[in-house]
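It should be emphasised that the depicted structure is a prediction, and the values quoted were computed from it without experimental measurement.
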Amino acid sequence: MDERRSLSPCSSRPSSPRTPPCEILGSVGIEAVLDQLRIKAMKTGFEFNIMVVGQSGLGKSTMVNTLFKSKVWQSSLPNLELPMPQTLELHSVTHVIEEKGLKLKLTVTDTPGFGDQINNDKCWDPILSYINQQYEQYLQEELLITRQRHIPDTRVHCCVYFVPPTGHCLRPLDIEFLRRLCRTVNVVPVIARADSLTIEERDAFRSRIQQNLKTHCIDVYPQKCFDEDVNDQLLNSKIREQIPFAVVGADREHLVNGRCVLGRKTKWGIIEVENMAHCEFLLLRDLLIRSHLQDLKDITHNVHYENYRVLRLNESHLLPRGPGWVNLAPASPGQLMSPGPGKVRKRANKDPREDEC
Amino acid sequence: MTTERLTREKKEQIRSLTMCGHVGFESLPDQLVDRSIQQGFCFNILCVGETGIGKSTLINTLFNTNFEELESSHFCPCVRLRAQTYELQESNVRLKLTIVNTVGFGDQINKEESYRPIVDYIDDQFEAYLQEELKIKRALFNYHDSRIHVCLYFIAPTGHSLRTLDLLTMKSLDSKVNIIPLIAKADTISKSELQKFKMKLMSELVLNGVQIYQFPTDDDTTAKINGAMNGHLPFAVVGSMDEIQIGNKMVKARQYPWGIVQVENENHCDFVKLREMLICTNMEDLREQTHTRHYELYRRCKLEQMGFVDVGPENKPLSMLATGLQETYEAKRHEFYGERLRKEEEMKQMFVQRVKEKEAILKEAERELQAKFEHLKRIHQEERMKLEEKRRMLEEESIAFSKKKATCDLFQSQSFMASGSSIKKDKDRKKIDAATAFCDCLTAKERMRLCVTPPRKDLD
């Protein structure tokens, strides 16, 4: 911004420091722009990409099915004829779901084989590289000369991490993974299969997890530094008290007191998924879909993607340039897992936050 | 894996899913709207028209606010653009409105370059956004977008046709900004004339290939009204902030001795249509068109000019990242600048060289002249010397002659005294004869030259 060419004899920057607030003396119709926005949103539709990470058997696929009330995965039971995957593979599936005229393009990425090996060293690498690959794709599209009107967004907006219900505290694998991932993507940890813990055990487990997260400086979604105003702060602190949610997933319906509810039937009772007294599934659903979906996408776009872009562009200067130089050096995960330059500020009037430890 | 293959694969995988319950994402547009309300909106209007045609009044009337604007003078040497930003708030919507006025448009005697400052301003705003977008550490969500979203072009109500200046300006702006042409001060035209004028204007615009903004008709909710409005272009508008009482209401109007022109009366002028189209229905579309069409076009041209290509040699996709984005952009700019400096230097050198050569030639000529002059001088000198020589000789001769004459006289007087008178007479006569004979010997010329006195007669 320091190098501007000499400008024509007109003030080409509007006088923004002094923007006097003016009073409108009657109705103009500026409000109608909100309706315009709504119409535009309905027409273009929405995109949402979610990734579920956790060891096998924790109920990830069932949870996804329950969240979107449909058979996202063909079958939630693992195919026992095939051998267990030896390495971590990522498995992505895209659907379009429609509700009340609104179309949502949903992409769910599953990670079978995570944490299942004997030696789980660097098991987060394929996941990180997948996430970075999506960023890379978006960046390439953005840098084209002739760009598409609407760049397809495949970046992972939210990563749901399933913590096994040991009842003690976070395991080393969990801590390592969370630490690395929360810098690159929005992470929402949940306590899986919460029906194996009593309410007291749940609360104790939750507070221990929260302590662990604080000790290791892991900033999960909703991040404190992105709270914009007082309302946000209030809302988000309430959510932060409840993280991680203790969830149970089910895709079978049972009859309880004359109502048809989703739940798990056991000999000692039926666990209702949508009952707040039984588990906190509703909180998770509301967070992900009903209230914070747009916010998840915003943070992914404005913060995580920008961080990636900065890293990548700084890096590419080190590449030799020559005639006909075509391919980029492959973005190896090792390079990009170095601690980022700090989160990009979302609002100019906020003080810059320190980088995490 | 190229991008195309990926998208194709993804397309094959996408299938519709039916849900067996209520998920609840129909609140998504509300989430989007909430976020936009938090961020606030930004809208930039450029008003192009002659001084005094009513631009400021119309903007005041449109937004129902008295923006502080002083009357502009008619005596500007060139067209200038003046931008002012205001913050408006209506219920919970905050709008950052920037009005850019052209000062001195159409006032100059020579209007050839009138459109240039406007085009430059628009390009400058695109350039600023492009530079921000290409930065490594950028803050696009915080960026105050100053790109012009709509250009209101005010046509003078002559009733005849478009003027050349209007045509020229609109033609140079139509690929850079959304243009909405307006007929200003429409209360000076009668209804029948207005219809003819509108048709004439539109046909002229179409004939000359000027692309004005068409209200979008692809969405069902707005297609009908937009389509109808498209037929009413250009809007004939009247602006006024004065309120006159009509019936029991106070309305904005202009009062004449012969009647009152009501601004918000659809029968009187198209002001309500303009407000409806500009603000209530299409503000978002205008912004989108600016960003996806005009800005992308500018970006594409600028980057291609800088030498970036999407497909490098051997037809493999070439990424800008490989050439180091922002730095290369800056580097190329430096390069061009350096090149320009170099060329300037070259020309300077050439100029100095030529000057030296010319000087040498002139010096040569001077020297030649000098030599000639000297030569001539020498010749003259020689001649004079010769002449001097001759004179001296002549002088010597005359001296010699006068000496001889003196001796002759002496001899004569001697002989006269010795012989007496007769003899003297004879001798005198002889002497005189001798003298006269001697005198006769001298040529006439010599006699004249020596200024000989005639022989003495009194000797007889």
Side-chain angles (χ1 to χ4, degrees), chain A residues 7-12 14-16 19-22 24-26 28-34 36-43 46 68-70 93-97 99-100 102 104 140 143-147 149 152 228 289-290 293-294 302 310 313-314 316-317 319 321 324-326 328 348, chain B residues 10 13-14 16-17 19-21 23-29 31-33 35-36 41 63-65 80-81 83-88 90-91 93 95 98 117 120-121 124 136-137 141-142 144 146 219 221 279-280 283-284 292 300 303 308 310 312-313 316 318-325 327:
Chain A
L7 301 165
S8 40
C10 50
S11 62
S12 73
S15 51
S16 10
T19 54
C22 294
I24 303 188
L25 308 169
V28 173
I30 302 180
E31 280 184 303
V33 75
L34 299 179
Q36 296 172 32
L37 267 182
R38 226 171 246 132
I39 293 173
K40 191 172 85 156
M42 301 280 279
K43 205 163 57 142
F46 288 84
F68 295 101
K69 291 253 173 57
S70 38
V93 106
T94 309
H95 295 286
V96 173
I97 43 182
E99 196 173 74
K100 293 209 177 132
L102 192 64
L104 177 69
Q140 294 284 6
L143 288 179
L144 283 179
I145 308 275
T146 320
R147 299 198 281 211
R149 196 182 176 100
E228 311 238 306
I289 300 174
R290 290 203 186 161
L293 198 148
Q294 190 58 41
N302 292 335
V310 168
L313 291 182
N314 273 331
S316 71
H317 291 168
L319 297 176
R321 298 187 223 157
W325 178 259
V326 170
L328 296 170
Chain B
K10 280 252 154 92
Q13 287 174 12
I14 297 176
S16 276
L17 212 55
M19 297 180 305
C20 43
V23 176
F25 58 81
E26 79 269 9
S27 66
L28 280 177
Q31 292 183 30
L32 193 65
V33 164
R35 183 195 61 158
S36 301
F41 293 89
F63 291 98
N64 224 336
T65 320
R80 278 184 309 116
L81 280 95
Q84 304 217 278
T85 310
Y86 308 97
E87 266 202 36
L88 304 172
E90 192 174 83
S91 65
V93 178
L95 179 71
T98 304
D120 287 343
Y121 180 85
D124 282 345
I136 296 191
K137 267 216 170 118
F141 44 81
N142 238 345
H144 170 62
S146 58
D219 183 53
T221 44
I279 302 176
C280 305
M283 194 193 271
E284 190 56 36
T292 53
R300 194 162 57 227
L303 290 176
F308 291 107
D310 267 343
K316 287 204 209 137
L318 180 69
S319 166
M320 267 200 265
L321 282 185
T323 40
L325 200 56
E327 242 193 33

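Only the side chain of A/Ile39 comes within less than 4.5 Å of a heavy atom in chain B; its backbone stays farther off. Proximity to chain A (any heavy atom under 4.5 Å) is restricted, for B/Arg35, to the side chain, taken from C-beta onward. Only the side chain of B/Leu95 comes within contact range of chain A, judged by heavy atoms closer than 4.5 Å.
Considering only heavy atoms from C-beta on, A/Leu34 comes within 4.5 Å of B/Phe41 through its side chain.
Distance alone, capped at 3.5 Å, places no donor-acceptor pair between the A/Glu31 side chain and the B/Glu90 backbone. Side-chain atoms of A/Gln294 do not come within 3.5 Å of backbone N or O of B/Leu28 as any donor-acceptor pair. Although no hydrogens or angles enter the test, the distance criterion places no donor-acceptor pair under 3.5 Å between the side chain of B/Glu284 and the main chain of A/Arg38.
Most heavy-atom pairs under 4.5 Å with chain A, from the set B/Pro29, B/Ser27, B/Cys280: that is B/Cys280.
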